[in-house]
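Worksheet for the structure shown next.
Chain naming here is simple, since letters A, B, ... match the order of the sequence lines and numbering starts at 1 in each. Bear in mind that the values here come from a model prediction, so they are computed numbers and not experimental data. Side chains included, hydrogens not; waters and symmetry mates left out as well; all remaining heavy atoms used.
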Amino acid sequence: MYALVDCNNFYVSAERVFQPQYKGVPVLVLSNNDGCVISRSAEVKALGIPMGAQFHKIQEEVKHFNIKYFSSNYTLYADMSARVMNNLARFTPDIEIYSIDEAFLGLFGFKDLYNYGQRIKQTIEHNTGIPVGIGIAPTKVLAKVANKIAKKSTGVCLLETPADVTAALQHFPIEDLWGIGRQYAKKLNQQGIFTAQQFIQLPLQWVEKNMTVTGARIWRELQGEVCMELQTSHDPKKIISTAKGFGKLTDNYQELREATADYTARLAAKLRNEQLCASVISLRLLCNPFRKDLPQYNPGCSFALNHPINNTIELSKAAQYALSKVYTPGILFQKVEITFTGLLSEKEVQLHLFTGYKSKKYNQVANAIDDLNTRFGPGTIQTATAARQQAWAMRRKHLSRNYTTSWSDILRVR
DNA sequence: TCTGGGGTCCTAGGACCC
DNA sequence: TCTGGGGTCCTAGGACCC
């Protein structure tokens, strides 16, 4: 049997752990640049504010219902996530961390699963302060179904027998199934399919033809056949990229150079953290797609590096070169997207005959920068290009403190 | 003024190989 | 009149996830 453990409105819950006065009142968390709503407490959902609502458009509700709001604080959420996962790992040797707020547990040969689920739930809430819902079923797709049902009832839902499963699928909306997005839901609705139970009555051939093998796997898993094993060790990443919007639109070359340098440095640190090297770099400038009144032009380029690298200085040079190739004066850009692909493990990279010695030197510098930034906070050491005014920096006016990762932000108890 | 960010998987079609 | 067959690799586009 598989369990899916999912944190309830995770970002809101993480904020509430350190500001318990906001329990029981409407709270929401905003996306980067404080643009739209990405996490809502039950009270906010009850007010009818949808996921993704633009923050500036709901000002009246925010005032009227006294809704508390936060900019997203990923440092805090990542640390709280690690706490939840560490606690979960005590309940089974088989755990797949699926996302920042979800994990699948393999409960193979475990007995009395409903009570075990309740124990997991209580332990997580007690040790981390984060409320969770747990679905337990014979396959991962069914565990996802059970999880949705759990959140509407006691917080734990066990689908053990075929009769349990059928009863659950009977009323389960097709669009809520894991792996069925907007497009597939539309296609299925056109066939007269509205519930999961109706879906599994479709012929497999139709599913394969119209929804490829991905759809067929969902179909099989719903019938209790395991097609998706637990992924307890995650495969090495194939792509590392960033595409964060600026706090404003800009056509200023200097600002784009700064943003490029800053994002590249962060990505390079991520590469080193994963012990990977990149062999291809891509860069693209993006306009705001919602501004139909402005020209839409998203120039990009991509090229192979001379040899796979992960140090900030060389990668920054490559990124600045790419930027110089695509920069177009007079176009207002909203984002720079930087992507590293052709990722190789550091250990597999062969030394380059002519530049290998140089890389070694650069890598020592990069390691020193990482150490200093870890010890004294991100951005302590930067390349000169990155360290300017940051007029383009992201808006996050309502940021909470880094309660768990920064000594100066730690809570004081009187 | 104001609309997130970072990923994965699958397929079709074209280029290329011997 | 008539123009092979079997295969790999790469890319773009589309779908999906949280």
Side-chain angles (χ1 to χ4, degrees), chain A residues 4-11 28-40 50-59 62 69-74 77-78 81 96-104 140-141 144 147-148 174-188 207-218 227-228 231 234-250 263 266-267 270-271 274 280 282 284 286-294 300 302 304 332 334-343 392 394-398:
Chain A
L4 176 68
V5 184
D6 183 319
C7 301
N8 300 347
N9 37 68
F10 179 55
Y11 298 165
L28 56 80
V29 173
L30 300 167
S31 67
N32 281 356
N33 281 315
D34 296 338
C36 55
V37 176
I38 56 166
S39 182
R40 305 165 297 158
M51 193 70 159
Q54 281 175 264
F55 186 49
H56 74 97
K57 285 193 178 163
I58 57 166
Q59 287 306 307
V62 167
Y69 47 90
F70 295 95
S71 303
S72 34
N73 182 345
Y74 287 103
Y77 309 151
S81 172
E96 170 186 345
I97 296 171
Y98 177 67
S99 73
I100 195 165
D101 72 332
E102 275 180 50
F104 286 102
K140 282 163 83 173
V141 171
K144 274 275 194 180
N147 182 276
K148 287 236 174 176
I174 188 79
E175 66 270 18
D176 287 353
L177 278 177
W178 187 39
I180 306 288
R182 251 206 294 260
Q183 302 304 319
Y184 284 151
K186 204 167 118 193
K187 198 181 258 185
L188 287 163
V207 177
E208 273 176 343
K209 183 158 173 275
N210 291 280
M211 303 168 70
T212 79
V213 298
T214 324
R217 271 202 286 264
I218 298 167
C227 304
M228 308 181 192
Q231 300 201 306
H234 68 262
D235 297 338
K237 276 192 200 302
K238 294 167 183 162
I239 183 171
I240 286 187
S241 79
T242 185
K244 281 190 295 197
F246 310 133
K248 57 166 196 174
L249 298 176
T250 182
Y263 294 169
R266 284 166 203 270
L267 280 189
K270 206 162 164 183
L271 278 174
E274 304 257 343
V280 176
S282 312
R284 197 155 55 129
L286 296 158
C287 293
N288 181 344
F290 297 103
R291 292 291 299 270
K292 301 296 182 206
D293 55 321
L294 295 174
S302 180
L332 287 169
Q334 186 198 25
K335 290 181 183 181
V336 56
E337 176 188 71
I338 301 165
T339 308
F340 294 142
T341 48
L343 304 185
W392 46 272
M394 171 201 318
R395 290 186 302 273
R396 40 190 337 200
K397 276 195 276 186
H398 316 288

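Counting non-hydrogen atoms under 4.0 angstrom, A:Y98 reaches the backbone sugars and phosphates but no base. The residue A:I240 sits close only to the backbone: its heavy atoms come under 4.0 Å of sugar-phosphate atoms, none of a base. Residue A:T242 is in sugar-phosphate contact alone, with no base atom involved, counting any heavy-atom pair closer than 4.0 Å across all strands shown. As judged by a 4.0 angstrom heavy-atom cut-off over every strand, A:K238 is placed among residues touching the sugar-phosphate backbone only. Across all strands shown, A:Q183 has heavy atoms under 4.0 Å from sugar-phosphate atoms exclusively, and none from any base. Within the 4.0 angstrom heavy-atom criterion, no nucleotide atom of any strand lies near A:K397. Among the protein residues, A:G52 comes within range of no part of the nucleic acid, since none of its heavy atoms lies under 4.0 Å from any strand. Nucleic acid contact class of A:Y184 (heavy atoms, under 4.0 Å, all strands): sugar-phosphate only. Residue A:K335 is classed as a sugar-phosphate contact, given heavy-atom separations below 4.0 Å to backbone atoms only. Within the 4.0 angstrom heavy-atom criterion, no nucleotide atom of any strand lies near A:R396. No contact: A:K187 has no heavy atom under 4.0 Å from any strand. In this structure, A:I58 reaches neither bases nor backbone, as no heavy-atom distance under 4.0 Å exists between it and the strands shown. Note on A:L30: nothing from the nucleic acid sits closer than 4.0 angstrom, heavy atoms only. Among the protein residues, A:D34 comes within range of no part of the nucleic acid, since none of its heavy atoms lies under 4.0 Å from any strand.
The aromatic rings of A:Y77 and A:Y11 sit parallel, their planes meeting at an angle under 30°, below the 60° perpendicular limit.
Comparing A:T214 and A:R395 along DNA chain B, the residue whose closest nucleotide (by nearest heavy atom) sits nearer the 5' end is A:R395. In this structure, A:N33 and A:I239 both approach DNA chain B, and ranking their closest nucleotides by distance from the 5' end singles out A:N33.
Remark: A:Y263 pairs with A:W392 by the ring pair (Phe, Tyr, Trp, His ring centres under 6.0 Å) rule, at least two apart or across chains.
One finds a salt bridge joining A:E102 and A:K144 here, because a Lys/Arg side-chain nitrogen approaches an Asp/Glu carboxylate oxygen to under 4.0 Å. A salt bridge links A:E96 to A:K140: one of the charged nitrogens lies within less than 4.0 Å of a carboxylate oxygen.
A:N33 pairs in a side-chain contact (heavy atoms from CB on, under 4.5 Å) with only one of the listed residues (A:R395, A:R396, A:K244, A:K397), which is A:R395. Under the side-chain contact (heavy atoms from CB on, under 4.5 Å) rule, A:D34 has a single partner from A:H398, A:H56, A:M394, which is A:H398.
A:L267 places a side-chain heavy atom less than 4.5 Å from the side chain of A:F340. Put simply, the side chain of A:K187 reaches to within 4.5 Å of the side chain of A:N210, judged on heavy atoms.
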For Watson-Crick and G-U wobble pairs within 3.5 Å on both distances, what is DNA chain B written in dot-bracket notation, | included for inter-strand pairing?
....||||||||||||||
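Comparing B:dC17 with C:dT3, their P atoms sit 23 Å apart, to the nearest whole Å. Annotation: C:dG4 and B:dC16 have their C1' atoms spaced 16 Å apart (nearest Å).
Nucleotides of DNA chain B lying under 4.0 Å from heavy atoms of chain A occupy a range whose first and last members, 5' to 3', are B:dC2 to B:dT11.
Crowding of A:K248 atom NZ: a count of heavy atoms from other residues, nucleotides or ligands under 6.0 Å exceeding 12.
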A:S282/A:T339 under side chain to side chain donor-acceptor pair (under 3.5 Å): CA gap, chis, key distance, verdict:
CA-CA 5 Å; A:S282 312; A:T339 308; 5.2 Å; no
